[in-house]
Amino acid sequence: FDESLDNTYTEIKQLLKSKNSDNDWVSAKIAELYYFGKGFTIESLAKEVGVSKSTVFLHIKSMRKQIKKNIKNPFDNKNE
C-alpha cells in the first residue's frame, strides 16, 4: 500500500473536519458524507439531506476546489 495515498486520505479528512467551524461547514459536511459516507451518489445524498441535487453538487464542487488547492496530489509526482 502506498504511504503517500494514505497520507493524502488523512489530509483530506483533516481538511474537511477543520472546515466544520468555518462558514464552509455545510459544504464540508456534505463532501464528507459523499466521499467517506455509505457510498452515496449525488442523488441519494440529496434525498438523505433533503436538498436538491444541484445544491449537493455545488457544495461538493466547492470542497473539491479547496482540496485541490490545499492538498498535494500524490499522482502528480514528476520524479517517477
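Computed from a predicted structure; not experimentally measured.
In the hydrophobic cluster analysis, where Ile, Leu, Val, Met, Phe, Trp and Tyr join through side-chain heavy atoms closer than 4.5 angstrom, Phe36 is grouped apart from Leu5. Both Tyr9 and Phe40 belong to a common hydrophobic cluster when Ile, Leu, Val, Met, Phe, Trp and Tyr are linked at side-chain heavy-atom distances under 4.5 angstrom.
One finds the CD1 atom of Ile71 at 5.0 Å from the CD1 atom of Ile12 (value rounded to the nearest 0.5 Å). Atoms CH2 and CG, from Trp25 and Asn20 in turn, are 8.5 Å apart once rounded to the nearest 0.5 Å. Note that CG of Leu45 and OG1 of Thr41 are 8.0 Å apart. Values are rounded to the nearest 0.5 Å. The OG atom of Ser27 sits 12.5 Å away from atom NZ of Lys61, with the distance rounded to the nearest 0.5 Å. Atom NZ of residue Lys19 and atom CD1 of residue Ile67 lie 10.0 Å apart, to the nearest 0.5 angstrom. Distance check, rounded to the nearest 0.5 Å: NZ of Lys53 to CG of Leu58 gives 13.0 Å.
Looking at Asp2, its side chain does come within 3.5 Å of a backbone N or O of Ser4 through a donor-acceptor pair.
For Ser18 against Leu15, the heavy-atom pair with the smallest separation is OG-O, 2.7 Å. Of all the heavy atoms in Lys72 and Thr8, the pair that sits closest is O-OG1, 3.9 Å. Tyr34 and Ile60 make their closest contact through CG-CD1, 3.4 Å (heavy atoms, listed as atom of the first residue, atom of the second, distance).
Using a 4.0 Å cut-off between a side-chain N of Lys or Arg and a carboxylate O of Asp or Glu, Lys17 and Glu32 qualify as a salt bridge.
Contact check for Arg64 versus Tyr35: side-chain heavy atoms found under the 4.5 Å cut-off. A 4.5 Å side-chain heavy-atom check between Ile30 and Val26 finds at least one atom pair inside the cut-off. Two residues are said to be in side-chain contact when any heavy atoms from C-beta on lie closer than 4.5 Å; Met63 and His59 fail this criterion.
No more than 12 heavy atoms of other residues, nucleotides or ligands shown are found within 6.0 angstrom of CG on Asn23.
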